[in-house]
Amino acid sequence: MFIRQLIRQTTTTVCRRLSTHARPFPVLKDTIDASCPQLAAGKNKSEEQLLQLQQLGEICLAGGGEKGIALHVKRNRKMLVRDKLKLLLDDDSDFLELSLLAGLNMEYGDIPSGGTINAIGKIHGRYCVIMSNDGTFKSGTFYPISVTKNIRSQTIGEVNRLPCVYIVDSAGGFLPLQSELFADKNHGGRCFRNPPIMSAAGIPQIAIVCGSCTAGGAYQPSMCEDAAIVTRIGTIFLGGPPLVKAATGEEITAEDLGGATVHCSVSGVTDYFAGTEEEGFDIVRDIVATLNIDPLSPTLLDSEEPLLKPDLLDALSGIDSIDRKKLYAVIGRIVDGGRFREFKQQYGSNLTTGYAFVEGGCAGSCYLLLSHQLEVGITLVTVKPFQDIFFSYHVLASLLQINSGPLDEHQTFTRSLSREDLHQAMKGRAAMIAAVSCVTVPKITVNIGNCHGDDNYTMCGPSFSPNFIFSWPGASVTHTLNPPPLPPQPEEEILNLKDNKTANKQRRSLSAFNFPVGGSFYQASRVLIDSIIIPSETRKVVAQCLRICQQQKHMTNAPKDFPVFRL
C-alpha cells in the first residue's frame, strides 16, 4: 500500500515538474481561415471522398456476404475472423488494420480485403502482426492480391521486428490464376520463405489452424516455430480426401488424413492440441506471453495534445494544393502542442523540414512542397532534406509528408528548368535517394496531397520500404518523367484500334469498380499503401505507428544463422 502511494506521489511530482519547465520548439500559429471559400469547397469534396471510403470499407468488412457467412458459421461451425481477433487481442488493444481495401477493382473480380484480414494489435501488451484468412470468401482461397497483401504484412513484421501470428483457414491458391501465384520471387512462395527468415532473425512466428489448410495453405503452419490446431475443425494436407481417392482409390476422412490428432501425435507438424477455437486462442496468447519482449510502457508523461482542432484537416484534404502556409496548419494539428522547430527555414523555401514531438517521442519530420514558386536553385531543394535525414539518425523517426501540388503546376515548373538545373537536380536527388535508402531510423510516409514524378521515390515511396505508408483520400501519385509516346501513323491507328478491341474483349474487367490510376483508392486496392486514413485521425495513426516501431527496442532475441526447427 505504501509503495503504491509513493508511486502516485512520484508520478504527480514528475507531471508538475514537466508542466513548469519550458517545452521545446515554438508553437505554430493557425494559418487557416475557416471561412475561406476554397476551404468550403474542399470540405464538400472531402465529404464525398470520406463517404466513398466508408462505403468501400463496409463492402470489405462484409467479406463473403450473407451466404458466405451463413456457410462459414452454420455449416462449418466456425467463428467469424473478426470475432477470432477479439479473443486473441487484448481488450484495450491498439488495432491498426492493414490494407482493408485490398482486392477491389481487380480484373479477375472484387476480392474483399484480398480474402485476408491483416492487422497489428497487442497480445499481453506486445504488438504482433496478425494475418488471418477470411473463410467466408471462397473458403479462404488466396488470389494474387492476397499474396501481395500477406507479403507486405510480413515485411512490416520484419522491418519493425514484430511477432507474426497466422490464423490459417485456406483452401489454397485460386487455380485459374496459378501462373500469377507462384512464378516470381514476390509471389506465393515468398510467403513460405519469409517465416523461417524472420525466425532466424529472432522474430517469433506462430500459427493456429482454424480450418482446412490445403495445398499451399498447408505450408504456412508447418513453417512456423509454434503451431496449434483445433480438433474437428483444423486439417492440414497437401491434397484432400477427393484427391487421395482419385490417386489411390482409398476413401479417408479429412480428420483421419490430416486432423489435429494426426498432426499432434503422429506427424508432429503441430505442437498444441485445442479442443475449441477459444482454447486455441488462449494457447496462442500464452505463447506470446513467453516471448522475450518486454511490454511497452504507457504513453510518455510529457505528451501534449495539439492546440489546434484536427477537424479542419478533413477539409484541407479536399483542396487541390497545400502550400507552405497551409502546411503549417497541417503540422500544427498533428504534433504535440502544435510545437515545431523548422530546419533551414530560409533555405529552399519550397521545402519545409524540422523537428517536433508526437506523444512525447521525437520525430524528425521532413515535409515536401514542390510548386511553381521556386525561389532558389534546385540543389537546395535536395540538399536540405538530405542533411535533415542524416541529423535524424539519432532521433526516433523520420516522418515524411509528400505534397507536390496540382499536376499542371508541376509540369509547368519542370519544363521551365534549364539543362544545368536538371543536372544539379539529378545529383542532389541521387544523394537524397541514398540517404532515404540507408537511414536506419523508422520511416513513416503519409501522402497528404499530389505526388508527381520522382518525388514518390525521393520522399520514401513504396520502393524504399518505409515502415508504414499511408494516404489521405484525395492524394494521388503520377509518374510524369517518361516522355509522351509519338502519335501513331494512320495505318498503325487502324491496327491499334483492332488490337484494342480484341484486348478489351479478352481483358474485360470483372470488377464493379473503376478507380482512377494513381489515386488513393487505386493504390490501396493494390497494396501500394498500407491504408487510407481519415485526415483528422493522422496524429492518432502516426502516434500508433511510432509506438509499434518502439517495441523492437524491448526485444532480447538475438539473430542466428537458422530458424527455430520443429522437432
Side-chain angles (χ1 to χ4, degrees), residues 56-91 93-104 110-123 128-143 145-150 152-154 156-157 163-174 191 206-214 216-217 220-221 224 227-230 232-236 274 276-285 288 527 530-531:
L56 294 176
E58 291 174 353
I59 292 173
C60 291
L61 290 173
E66 294 182 1
K67 291 184 179 179
I69 292 174
L71 182 65
H72 186 80
V73 175
K74 294 181 180 179
R75 196 185 79 174
N76 297 335
R77 298 180 180 179
K78 300 177 186 177
M79 298 175 61
L80 295 176
V81 62
R82 295 185 182 276
D83 292 335
K84 296 175 183 179
L85 293 177
K86 290 179 182 179
L87 291 176
L88 180 63
L89 300 175
D90 296 344
D91 292 338
S93 172
D94 290 333
F95 184 78
L96 179 63
E97 183 152 357
L98 304 172
S99 307
L100 174 63
L101 304 186
L104 301 182
D110 296 313
I111 318 299
S113 290
T116 65
I117 309 300
N118 296 0
I120 299 176
K122 282 185 179 180
I123 302 176
C128 300
V129 179
I130 297 96
M131 288 161 269
S132 178
N133 303 115
D134 186 359
T136 67
F137 185 81
K138 305 293 184 182
S139 300
T141 300
F142 53 87
Y143 291 74
I145 191 62
S146 313
V147 172
T148 302
K149 179 174 177 177
N150 283 337
R152 173 55 185 163
S153 297
Q154 288 177 329
I156 290 175
C164 296
V165 178
Y166 305 89
I167 304 176
V168 195
D169 180 5
S170 174
F174 184 62
C191 293
I206 306 163
I208 176 171
V209 180
C210 296
S212 177
C213 300
T214 310
Q220 194 71 73
C224 292
I229 185 170
V230 182
R232 295 183 300 277
I233 293 179
T235 54
I236 304 174
T276 63
E277 289 186 278
E278 290 83 355
E279 182 183 350
F281 290 115
D282 284 340
I283 292 172
V284 173
R285 287 182 56 83
V288 174
V527 198
D530 296 323
S531 181

Check this for me, if you would: do [X] and [Y] make a salt bridge, where the nitrogen-to-carboxylate-oxygen distance has to be below 4.0 angstrom?
{"X": "R285", "Y": "D90", "answer": "yes"}
{"X": "K78", "Y": "E277", "answer": "no"}
{"X": "E278", "Y": "K84", "answer": "no"}

Any heavy-atom pair between the side chains of [Y] and [X] that's under 4.5 Å?
{"X": "I130", "Y": "I117", "result": "no"}
{"X": "Q154", "Y": "C191", "result": "yes"}
{"X": "L88", "Y": "I123", "result": "yes"}
{"X": "T116", "Y": "F142", "result": "no"}
{"X": "N150", "Y": "N118", "result": "yes"}

Distance-only side-chain donor-acceptor flag, T141 / S139, under 3.5 Å: no
CZ (R82) with more than 12 external heavy atoms under 6.0 Å: yes
Minimum-distance pair of heavy atoms, taken over all atoms of N133 and V81: O-CG2, 4.1 Å
F281 versus I208, closest heavy-atom pair with distance: N-CD1, 3.8 Å
Value rounded to 0.5 Å, distance of CD in Q220 from SG in C213: 9.0 Å
